[in-house]
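In what follows, chains carry the letters A, B, and so on, assigned in the order in which the sequence lines appear, proteins first and then strands, with residues in each chain numbered from 1. In what follows, every heavy atom counts, from backbone to side chain, and hydrogens, waters and symmetry copies are set aside.
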Number of protein chains: 2
Amino acid sequence: MSEPGSAAATPIASGTAQETASERLPLRERKKLRTRQALIDTALEMFTERGFDGTTLDQLCDAVEVSKRTFFRNFLSKEDVASAPTQDLWRVVLEELETCEPGGRTVLEMLRDTLLAALDQMTAEGWARRVLLSRRLAEATPSMNAHGLHFCDRTSRAVLAVLHSRFELGDPADLRPRLALDLVVSAFQQALDDWASRPGTPTRASLAADLREAFAAVPGALTLTAELRTDA
Amino acid sequence: MSEPGSAAATPIASGTAQETASERLPLRERKKLRTRQALIDTALEMFTERGFDGTTLDQLCDAVEVSKRTFFRNFLSKEDVASAPTQDLWRVVLEELETCEPGGRTVLEMLRDTLLAALDQMTAEGWARRVLLSRRLAEATPSMNAHGLHFCDRTSRAVLAVLHSRFELGDPADLRPRLALDLVVSAFQQALDDWASRPGTPTRASLAADLREAFAAVPGALTLTAELRTDA
DNA sequence: CAGCTAATGCCACTAAGTGGCAAAAATATG
DNA sequence: CATATTTTTGCCACTTAGTGGCATTAGCTG
């Protein structure tokens, strides 16, 4: 059980009041989650410090005191461990999408709001910092960028499947839903880039602001025109 | 000289009339191009036959009678060789973009027309078939899909750079150009998917038709709305 | 405490990708 | 035509990502 791809998707109903969502699990599960988190944190640190290619899996596993075999029971690849933070967000997006109501909005607006709602739920300690490191690594490392893009693509298709299963979108061969979705992804990526390249310590709130700004620019993209430069 | 990434970007001015663009090169260059093309063709064949992961580089190199070292002087990775056909198209898109005139069109229209113009230039024998095989492989092989997506991303940025250098697009932090570009990429991918999944033997002309259709759907993507399903 | 289950560690193995250097082929030069 | 020069190739050794098998350990259950 518990294949690498699917994170910890087995949260047991909580007993008391406030819990970090990982408490009250059987000891075994908690231990698993701890090593998983240790791998993510240490990987982000080491990759940032010595570079992605400059860090071997053996070094990472030594640092966390875990066998390489165990690493691959938790993650699909070396790239995978470093992109885990972003994957958390999209997993929640998918969950949100399962229960949201259209309420007269366009698909684009609905997806934007879902994304923002999911972002509001990323309350885990240090999440913003992890996403930041992850993003910067992706920019600097081709293979990580490729992996992230691939994940994005798979997630897009999953989102599209949920849209089609829950909503009436007419002809399944209609190209518009995927165009709208790719627009959402584009806005998200762009917001993330801007957010990550800003100096200082970005917060979840500032990411939300960047997201809103990116979405606001969408309508203008269609009518944008260009003039030949006169200078240079 | 001649790094793996940059294909044959050194076409010498032709002497006589009609030439396949690779003639009249020094013998050495022609030989290089021949082995390169042999690697591409054989790779597409073997990958399609026995699967991408079911074919080792050693097997491919044996079949073409070339050392593995030579393979890596021509291509960046195992994935790279199989996505060469698509890369050819985008290289021409970039060239076209260097000389095109805005002529009152929107950026979106200009990019669409450039893409169609580039497509018109893909006259190499069997190009359509190669793209078809390449695309189907990408759909079936995660690592190839990731590689293709990464290439797309890099190319997008290159296109964006050309746009900014040649045209007056206002604030460089403006988000609209990239949104427009990602829309173009989305339409392209979608057209390619539809084209490749159609039965029979797709042609360049039918790809052009799919492309026009995809672009026609763009404006509707913004205003698309959804109703909750009543069935199921 | 005994017995079961599942995660882990260890070992050996395949295959992608890289670097170095000598052999060979193509081109330029006398 | 022979030779010097430059470019390309082949070969070999090496690192590292990723996988499969099996014994061991640690958490769970009656």
Side-chain angles (χ1 to χ4, degrees), chain A residues 1-8 10 12 24-39 43 46-47 50-83 141-144 146-147 150, chain B residues 1-8 10 12 24-39 43 46-47 50-83 141-144 146-147 150:
Chain A
M1 294 302 139
S2 88
E3 293 191 0
S6 61
T10 328
I12 290 184
R24 291 300 119 198
L25 284 173
L27 179 56
R28 209 159 28 187
E29 305 291 322
R30 267 182 289 166
K31 217 166 192 176
K32 254 187 93 157
L33 279 187
R34 253 212 320 274
T35 58
R36 181 188 159 82
Q37 198 57 49
L39 279 169
M46 293 180 78
F47 292 170
R50 325 177 191 183
F52 180 82
D53 293 320
T55 311
T56 67
L57 279 180
D58 289 322
Q59 291 171 337
L60 171 60
C61 292
D62 276 359
V64 186
E65 291 183 301
V66 159
S67 78
K68 208 168 57 168
R69 203 72 190 75
T70 298
F71 174 89
F72 282 107
R73 283 196 201 91
N74 281 277
F75 302 98
L76 296 160
S77 67
K78 189 182 173 188
E79 288 81 24
D80 199 39
V81 65
S83 55
T141 315
S143 78
M144 271 207 55
H147 182 271
H150 177 63
Chain B
M1 292 304 141
S2 89
E3 294 192 0
S6 61
T10 329
I12 289 183
R24 290 301 118 198
L25 284 172
L27 178 56
R28 220 192 256 155
E29 306 290 323
R30 266 182 288 167
K31 217 165 192 176
K32 253 185 93 155
L33 278 187
R34 254 212 320 274
T35 58
R36 181 188 159 84
Q37 197 57 49
L39 280 169
M46 294 180 77
F47 292 169
R50 314 140 91 151
F52 181 82
D53 293 320
T55 311
T56 68
L57 280 180
D58 288 321
Q59 290 172 337
L60 171 60
C61 291
D62 275 0
V64 186
E65 292 183 300
V66 161
S67 78
K68 210 169 53 169
R69 203 70 189 76
T70 298
F71 174 89
F72 282 107
R73 283 195 200 93
N74 281 278
F75 302 98
L76 296 160
S77 67
K78 190 182 172 187
E79 289 79 25
D80 200 39
V81 65
S83 55
T141 315
S143 78
M144 270 207 58
H147 182 271
H150 177 63

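- If you take CG on Asp80(B) and CZ on Phe71(B), they are separated by 7.5 Å, rounding to the nearest 0.5 Å.
- In this structure, NZ of Lys78(A) is placed 13 Å from C1' of dG17(C), rounded to the nearest angstrom.
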Please assess Phe47(B) against Thr141(B) for the test side-chain contact (heavy atoms from CB on, under 4.5 Å), listing each intermediate value before the final yes or no.
CA-CA 10 Å; Phe47(B) 292 169; Thr141(B) 315; over 6 Å; no

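- With rounding to whole Å, Asp58(B) atom CG is found 13 Å from dC11(D) atom C1'.
- Considering only the side chain of Phe72(B), dG17(C) comes nearest among dG17(C), dG9(C), dA17(D).
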For residues 55-68 of chain B, dump all side-chain donor-acceptor pairs below 3.5 Å to protein atoms at least two apart in sequence or in another chain.
| unit_1 | atom_1 | unit_2 | atom_2 | d |
| --- | --- | --- | --- | --- |
| Thr55(B) | OG1 | Gly51(B) | O | 2.8 |
| Thr56(B) | OG1 | Gln59(B) | N | 3.2 |
| Gln59(B) | OE1 | Thr56(B) | N | 3.0 |
| Ser67(B) | OG | Arg69(B) | N | 3.4 |
| Ser67(B) | OG | Thr70(B) | N | 3.3 |
| Ser67(B) | OG | Thr70(B) | OG1 | 3.2 |

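- For the pair Leu57(A) CG and dG17(C) C1', the computed distance is 15 Å after rounding to whole Å.
- For the residue pair Ser143(B) and Phe52(B), the shortest heavy atom distance occurs at OG-CE2, 3.6 Å.
- Between atom NE2 of residue His150(A) and atom NE2 of residue His147(B) there is a gap of 13.5 Å, rounded to the nearest 0.5 Å.
- Distance check: Thr35(B) OG1 to Lys31(B) NZ gives 9.5 Å after rounding to the nearest 0.5 Å.
- When the nucleotides dA16(C), dG9(C), dA17(D) are ranked by their closest atom to the side chain of Thr56(A), dA17(D) comes out on top.
- Straight-line distance from the CD atom of Glu65(B) to the C1' atom of dT8(D): 17 Å, rounded to whole Å.
- In this structure, CG of Leu39(B) is placed 16 Å from C1' of dA16(C), rounded to the nearest angstrom.
- Place Val66(A) and Thr55(B) on DNA chain C by their nearest nucleotides, and Val66(A) ends up nearer the 5' end.
- To the nearest angstrom, C1' of dT19(D) lies 13 Å from CG of Leu76(A).
- Which of dT8(C), dT18(C), dG18(D) sits closest to the side chain of Glu79(A) comes down to dG18(D).
- Atoms NZ (Lys68(A)) and C1' (dG9(C)) sit 13 Å apart, rounded to a whole Å.
- Taking 4.0 angstrom as the limit, Thr70(B) places none of its side-chain polar atoms (N or O) nearer than this to OP1 or OP2 of dT9(D).
- Distance NZ (Lys32(A)) to C1' (dT5(C)): 13 Å, rounded to an integer number of Å.
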Encode nucleotides 21-30 of chain D as B, S and - characters from 5' to 3', where the letter depends on protein heavy atoms closer than 4.0 Å: B to the base, S only to sugar-phosphate, - to neither.
B----SBS--

